Amino acid sequence: MSHESASASSHESKTVLIVEDGNEYLENLTRFAPGPRYLQAHGGHEALTLLRAHAVALVYLDMRFDRVPRETLLGDHAQATRDHGSAEKAYRHLAQHQGLYILAALREHGHAALPVILAYDFSRELRRFELLSRAHPSLTWMPDAASADEVRARIERLIDKL
Amino acid sequence: MTLAVLAALALMLLVAGALALRNWRWGGIDLATLLDRHPDAGPDVQRVLSAIRHEVLKHNTLMLDGLIERIRSGAESREPVEHILRAFFGADGHGGAEPRLHAYAEQLVSIGRAHGERLNLAQRDPLTSALLSGFARMRQLRHALLAVDDASPAAHQRLADELRAVDQLLNERGHAALRALLDRVRLLHVDAALLNAVFDRVRHEPALATASIAPLALDPRSELPCALALPRPAFDDILSNLFRNALEASIVHGAPAPIVVGVLVVIELDPVTAIERVALHVRDRAPHMLERAQLRDAYIEAGLGLTADLVAQRDGQLDLSEQEPGFEKAVVLRLPGQRSERT
């Protein structure tokens, strides 16, 4: 399922793909960071499908996907089971870090240069972020407590670069 | 006379009741104290805190800040107000961040109770008191918010100031307290001194006292210090069991004297998530070989059954390595790592 929302501003010709397990980012960005045209996907497979069909300028990616069906989660569940000791823990791991599995899938499908904002607070894990950004140089992150101004400015700066 | 006695008794009862009420209201402990007294509560507390972060706090700043801007500018705000009120309090008795917060608070109280402690989340805990106060203040603003489009410019500014106070409670005090608690739960700093201390305690246990045991052979390539995401007592239990097992196996299977047990610490990186796992190779020279299946199936006879359970509880893993120069083998303990960093 996908959702489209458009709003008028100088950035309306640019499309931002929101990938999240609920609707919160779509609802909040549409209201409080208007301008771009927003598309929404609820998982990695759907995101890749939308990327094939639309010229997307930026991906706004959530980290945790606790509310999607488990079978839609990307990642090697068998390997995760070996690493985490049980099928249940493996699903939990994949859901909690799903944003990064989706990011890896974007790279594998030729979208390594696509700017991505990951909605996750890396302020306590800067080295981890540095390692991730080596693989995906156009990756940035947005803390949970980002203001509407900060979010809007980041989105505009990234899509204006294109 | 009788009346005077009765009055005095009534007064005493009243004072005792007031004191009991005060103690109930202001007594109890906060989450940091719970974690200090009961480090084993850490994983359960961490699970709930992560859920609060994701399910209660995550979108508040964006929404509140965006709404404050709108109200200050005098733009029409009824629709975003209704949106925020739904997000905060739910609709028709369903959903909402505040009901979720209360449910998580109940889970925290249960965790405290399971450890014999009474948590006072509303009065004593910096995180939950800030969040509960923030939502309570927001609730008080509901009617004024719904009428905002009919209010005067001065009322707009007052309402924006009130919302800013809510924002500060939830997103400044709340977030800061949450991060401080998560740091407290997560980090155990592991260095050579800690590994040597655990090993020395095990090698001086009565059952091993008569054996000739060399000091711990810590591989100089070890990536130390490092940080683990588990409490110290759990780490001590797990590592002690592995050291004890290595020493006993060396004695039983006739390893050359003095008995040498070694450790190599390696930080492994998951290529997708960049999450670190700390691998501790506990090496011995006992010629008897274990099978991987014995480790994974919590092979009791090898003395590792309890350890395997403890490791699994901590989201860790036991494995076997036969490529250990100078040693016969190593039991490899993998545990979630954690970088301690500050901005």
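Labels below follow one simple rule: chain letters A, B, ... track the order of the sequence lines, proteins then strands, and each chain is numbered from 1. These figures come from a predicted structure and were not determined experimentally.
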Partner chain B: residue of [options] with the largest heavy-atom pair count (under 4.5 Å):
options: A/His97, A/Arg64, A/Glu27, A/His84; value: A/Arg64
options: A/Ser147, A/Ser86, A/Gly22, A/Gly99; value: A/Ser147
options: A/Leu29, A/Leu103, A/Asp83, A/Val151; value: A/Asp83

Tell me, side chain or backbone of [X] under 4.5 Å from chain A's heavy atoms, or both, or neither?
X: B/Arg334; result: neither
X: B/Arg86; result: side chain
X: B/Leu269; result: side chain
X: B/Glu172; result: neither

Worksheet entry | Over all atoms of both residues, closest heavy-atom pair of A/Arg127 and B/Glu276 |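 Looks like NH2-OE2, 2.7 Å.
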Worksheet item: Looking only at heavy atoms, which two atoms of B/Leu67 and A/Phe32 are closest? And how far apart?
Response: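 Closest pair (atom of B/Leu67, atom of A/Phe32, distance): N-CE2, 3.7 Å.
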Discussion item. Are there residues of residues 65-78 of chain A whose heavy atoms fall under 4.5 Å of chain B's heavy atoms? If so, which?
Written reply: A/Asp66
Discussion item. Go through it in stages, so that I can follow the logic: the residues are B/Glu69 and A/Arg152, the test is side-chain contact (heavy atoms from CB on, under 4.5 Å), and I'd like the CA-CA distance, side-chain angles, deciding distance and then a yes or no.
Written reply: CA-CA 13 Å; B/Glu69 273 182 42; A/Arg152 197 163 44 229; 3.0 Å; yes
Practice prompt. Determine whether the side chains of A/Asn28 and B/His83 contain a donor N or O and an acceptor N or O closer than 3.5 Å.
Written response: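 There is such a pair (donor and acceptor under 3.5 Å, judged by atom type) between the side chains of A/Asn28 and B/His83.
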Discussion item. Assess, by modelled atom type and distance only, whether the side chains of B/Arg179 and A/Ser123 contain a donor and an acceptor separated by less than 3.5 Å.
Written reply: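 Judged by distance alone, the side chains do pair up.
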Discussion item. For B/His59, is there any backbone N or O sitting under 3.5 Å from a side-chain donor or acceptor partner on A/Glu24?
Written reply: no
Worksheet item: When you measure from the side chain of A/Arg128 to the backbone N and O of B/Thr273, does any donor-acceptor pair fall under 3.5 Å?
Response: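 Side chain of A/Arg128 to backbone of B/Thr273, a donor-acceptor pair under 3.5 Å: yes, one is there.
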Discussion item. If you apply the rule side-chain contact (heavy atoms from CB on, under 4.5 Å), what do you find for B/His175 with A/Asp121, and how did you get there?
Written reply: CA-CA 11 Å; B/His175 264 286; A/Asp121 189 345; 5.7 Å; no
Worksheet item: From A/Leu132 CG over to B/Ile275 CD1, what is the distance, rounded to the nearest 0.5 angstrom?
Response: 9.0 Å
Worksheet entry | CD on B/Glu79 to CZ on A/Arg31, rounded to 0.5 Å |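 Reported to 0.5 Å precision, the distance equals 4.0 Å.
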Name the region of [X], side chain, backbone, both or neither, that has any atom closer than 4.5 Å to a heavy atom of chain B.
X: A/Ala135; answer: neither
X: A/Tyr25; answer: both
X: A/Ala104; answer: side chain

Worksheet entry | More than 12 heavy atoms from other groups under 6.0 Å of CD on B/Glu76 |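 Atom CD in B/Glu76 is not crowded, with 12 or fewer foreign heavy atoms closer than 6.0 Å.
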Fill in: side-chain contact (heavy atoms from CB on, under 4.5 Å) partner of B/Asp315, chosen from A/Arg92, A/His93, A/Lys89
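Among A/Arg92, A/His93, A/Lys89, the one meeting side-chain contact (heavy atoms from CB on, under 4.5 Å) with B/Asp315 is A/Lys89.
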Discussion item. Determine whether A/Met63 and B/His54 satisfy the following criterion, side-chain contact (heavy atoms from CB on, under 4.5 Å), listing intermediate values before the conclusion.
Written reply: CA-CA 10 Å; A/Met63 177 66 99; B/His54 190 67; over 6 Å; no
Practice prompt. State plainly whether the residues A/Asp62 and B/Lys58 are in salt-bridge range, i.e. N to O under 4.0 Å.
Written response: yes
Discussion item. If we define contacts as heavy-atom pairs under 4.5 Å, which of B/Asn171, B/Ile84, B/Asp65 has the most with chain A?
Written reply: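 Highest number of pairs under 4.5 Å: B/Asp65.
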